[in-house]
Amino acid sequence: MIIVMKSDSTQEKLDAVVDRVKSFNLQAHLIQGDGQTIIGVVGLPLPPSLDEMFGIMPGVQTVLRVSKKYKLVGWDFHPQKTVIDLGDGVTIGGDSVSVMAGPCSVESEEQTISTAHAVRAAGATILRGGAFKPRTSPYEFRGLGERGLQILAQARAETGLKIITEVMTPSDVEKVAEYTDIFQIGARNSQNYLLLEEVGKAMKPVMLKRGLSMLIEEWLLAAEYVMAQGNPDVMLCERGIRTFENATRNTFDVSAVPVLQSMSHLPVIVDPSHAAGKRKFVDALSLAGVAAGADGVIVEVHPEPDQAMSDGAQSLNFDQFAKLTPKIKAVAEAIGRGLEIPDSVPA
Ligand code: PEP
Ligand code: MN
């Protein structure tokens with residue numbers, strides 16, 4: 001349910017409505033619009049007479065029921081697009097397209113720090129790198145754990161890049177939060193509801209990847225789990241889905257970008273690397289995603305992709321990545337957006 005306050009209403013009247021909402025054990029999420037405050041009410045059960053009760057409270061303009069299953073992630077609750085502010089002028093979801101790049105796994109200091117410098121020089125604002133790796137086989141490299149997080153933090157200190165890294169289990173959320181700027185929830189964990197709630201409580205931005213066979217509505221409801229804990233900074237990442245086609249690792253669902261944006265105010269990121277699975281297709285999928293309106297691109301980059309401990313086949317080397325970012329910029333400009341460039345990189 002949405003309670004729209006009158007534009008000339010007072011703080012006192014707003015507080016009274018919020019207190020009333022809480023008295024029913026419901027959550028009140030405040031959204032400041034253009035001169036107007038909207039209160040998004042979620043929780044169960046919503047008594048049937050609630051609309052009328054709130055409709056006659058002082059300062060209330062209208063009360064609307066939202067019939068969609070997802071609430072906080074949808075436009076009804078939040079009519080402005082979400083822009084995530086990572087600090088130091090780095091944002092996601094604004095006018096410009098953000099580029100995140102880095103190795104699939106943090107393997108060593110040298111590998112990660114050299115990659116951080118290279119991707120920064122090429123136009124990335126955010127460094128990716130997995131310290132806790134979900135691997136299909138238990139015998140594959142599963143990441144450096146906390147040492148990996150320390151290396152990422154060192155790379156941030158040296159380059160000014162923000163960092164994004166995966167958290168796989170609720171019990172690691174606190175530790176990962178000490179280091180990261182953005183939590184990545186991987187495809188395999190996208191419906192791990194206890195993990196989603198835990199990152200929802202941690203109050204740091206979250207990038208939620210699409211599950212291997214996830215419907216768009218299921219994906220939005222997974223994001224709803226994070227937001228229902230009070231964390232507004234969620235972005236969605238299309239990384240390809242399972243289909244019958246095996247010429248690529250996954251099938252890149254480019255239509256997910258405009259579809260999500262028609263349903264939700266959350267920023268949408270595309271991951272051409274895990275979609276393609278092969279580096280020769282990464283450029284085309286990146287550009288398609290940006291042309292479709294994605295707010296960001298996350299790309300795997302490695303100093304020596306053929307030696308990588310995970311996902312080498314889909315990783316670009318420094319040179320290949322440096323040739324991709326000007327193309328992303330050109331497509332972003334063609335649709336009236338720019339590329340977010342770190343301060344120290346010449347135009
Ligand atoms: C990754 O980003 O390296 C990764 C494991 O991605 P996904 O969860 O999309 O498979
Ligand atoms: Mn990977």
Side-chain angles (χ1 to χ4, degrees), residues 1-44 46 50-96 98 162 181-183 196-197 199-208 220-221 223-236 260-269 293 295-296 337 340:
M1 194 173 80
I2 295 167
I3 303 172
V4 183
M5 299 301 290
K6 290 181 182 155
S7 45
D8 59 356
S9 181
T10 60
Q11 184 65 39
E12 228 179 335
K13 290 174 183 164
L14 176 68
D15 292 344
V17 176
V18 169
D19 287 346
R20 191 77 177 269
V21 170
K22 290 184 178 160
S23 74
F24 288 99
N25 274 333
L26 300 168
Q27 294 174 15
H29 294 262
L30 291 192
I31 301 128
Q32 306 293 346
D34 298 323
Q36 220 166 14
T37 303
I38 297 172
I39 307 167
V41 181
V42 286
L44 282 172
L46 279 188
L50 216 59
D51 323 31
E52 279 172 48
M53 200 182 297
F54 283 108
I56 55 170
M57 283 190 78
V60 172
Q61 184 173 304
T62 43
V63 179
L64 304 163
R65 286 259 170 182
V66 177
S67 55
K68 298 180 187 85
K69 281 199 206 162
Y70 55 88
K71 316 276 181 197
L72 302 171
V73 305
W75 286 110
D76 294 332
F77 269 63
H78 195 285
Q80 293 90 28
K81 194 171 165 190
T82 287
V83 179
I84 299 176
D85 187 353
L86 297 167
D88 306 315
V90 181
T91 58
I92 298 174
D95 292 335
S96 49
S98 308
K162 299 293 173 187
D181 297 298
I182 308 172
F183 290 110
L196 295 174
E197 289 193 323
V199 292
K201 287 180 206 147
M203 291 300 178
K204 277 203 166 180
V206 175
M207 186 180 82
L208 175 63
L220 292 174
L221 286 167
E224 187 86 15
Y225 267 87
V226 181
M227 289 193 74
Q229 295 300 320
N231 187 343
D233 292 331
V234 182
M235 62 198 111
L236 304 161
L260 286 171
Q261 288 175 338
S262 72
M263 298 164 88
S264 173
H265 51 85
L266 299 177
V268 178
I269 311 297
D295 299 293
R337 302 178 86 167
E340 199 180 59

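Scope of the values below: all heavy atoms of this structure, side chains included, with no hydrogens, waters or symmetry mates. Source: prediction; values computed, not measured.
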Are the side chains of Ile182 and Met235 in touch, meaning some heavy atoms are under 4.5 Å apart?
yes
Output for pair (Gln11 CD, Met5 CE), nearest 0.5 Å, gives 9.5 Å
Could you check whether any side-chain N or O of Ser98 sits under 3.5 Å from a backbone N or O of Thr91, counting only pairs where one atom can act as donor and the other as acceptor?
yes
Counting C-beta onward and ignoring hydrogens, is there a side-chain heavy-atom pair between Ser9 and Thr37 closer than 4.5 Å?
no
Could you walk me through whether Leu46 and Val41 pass the side-chain contact (heavy atoms from CB on, under 4.5 Å) test, one step at a time?
CA-CA 9 Å; Leu46 279 188; Val41 181; 4.1 Å; yes
If the plane angle is over 60° it's perpendicular, under 30° parallel, otherwise tilted; pick one for His265 and Trp75.
perpendicular
Please check if the number of heavy atoms outside Asp15 that lie under 6.0 Å from its CG is greater than 12.
yes
For Lys81, does the NZ atom have more than 12 heavy-atom neighbours from other residues, nucleotides or ligands under 6.0 Å away?
yes
Kindly say whether Tyr225 contributes a backbone atom to a donor-acceptor pair with the side chain of Glu197 at under 3.5 angstrom?
no
Non-hydrogen side-chain atoms of Leu64 and Met1 separated by less than 4.5 Å:
no
State, yes or no, whether a side-chain contact exists between Ile269 and Ile92 at a heavy-atom distance under 4.5 Å.
yes
Out of curiosity, Asp85 CG to Asp233 CG, how far, rounded to the nearest 0.5 Å?
8.5 Å
I'd like to know whether CD of Glu52 has more than 12 heavy-atom contacts from other residues, nucleotides or ligands below 6.0 angstrom.
no
Looking at Glu340 and Val90, would you say the former's side chain and the latter's main chain have a donor-acceptor pair under 3.5 Å?
no
Indicate the atoms forming the closest heavy-atom contact of Phe77 with Ile38, along with that distance.
O-CG2, 4.4 Å
In Å, rounded to the nearest 0.5 Å, how long is the span from CD of Gln36 to NZ of Lys6?
11.0 Å
When every non-hydrogen atom of Ala223 is compared with those of Val234, the smallest separation belongs to CB-CG1, 4.1 Å
Less than 4.5 Å apart, side chain to side chain, heavy atoms only: is that true for Asp88 and Lys162?
yes
Could you walk me through whether Leu266 and Leu260 satisfy the side-chain contact (heavy atoms from CB on, under 4.5 Å) test, starting with their C-alpha distance in whole Å, then the side-chain angles of each, then the deciding distance to 0.1 Å, before giving a yes or no?
CA-CA 8 Å; Leu266 299 177; Leu260 286 171; over 6 Å; no
Would you name the heavy atoms of Leu220 and Ser264 that are closest together and state the gap between them?
CD2-CB, 3.8 Å
What are the two closest non-hydrogen atoms of Val18 and Ala28, and how far apart are they?
CG1-CB, 4.1 Å
After noting the C-alpha distance and the side-chain angles of Ile39 and Val17, does the key distance pass the side-chain contact (heavy atoms from CB on, under 4.5 Å) rule?
CA-CA 9 Å; Ile39 307 167; Val17 176; 3.6 Å; yes
Is Pro205 close to Asp181 at the side-chain level, that is, under 4.5 Å between some pair of heavy atoms?
no
Can you tell if the side chain of Thr62 reaches within under 4.5 Å of the side chain of Ile2, non-hydrogen atoms only?
no
Which residue pairs satisfy the salt bridge (charged side-chain N to carboxylate O under 4.0 Å, His left out) criterion with at least one member in residues 260-269, sequence neighbours excluded?
none
Got His29 and Met227 here, is their nearest side-chain heavy-atom distance under 4.5 Å?
no
When rounded to the nearest 0.5 angstrom, what distance separates NE2 in His78 from CD in Gln32?
10.0 Å
Which atoms form the tightest heavy-atom contact between Tyr70 and Val66, and what is the distance?
O-CG1, 4.4 Å
Please list all pairs meeting salt bridge (charged side-chain N to carboxylate O under 4.0 Å, His left out) that have one or both residues in residues 60-80, counting only residues at least two apart or in different chains.
Asp51-Arg65, Lys68-Asp76, Lys69-Glu217
Go through Leu14 and Leu30 one step at a time and tell me if the side-chain contact (heavy atoms from CB on, under 4.5 Å) criterion holds.
CA-CA 10 Å; Leu14 176 68; Leu30 291 192; 4.2 Å; yes
Any residue meeting salt bridge (charged side-chain N to carboxylate O under 4.0 Å, His left out) with Arg337, in chain and number order, not counting sequence neighbours
Asp295
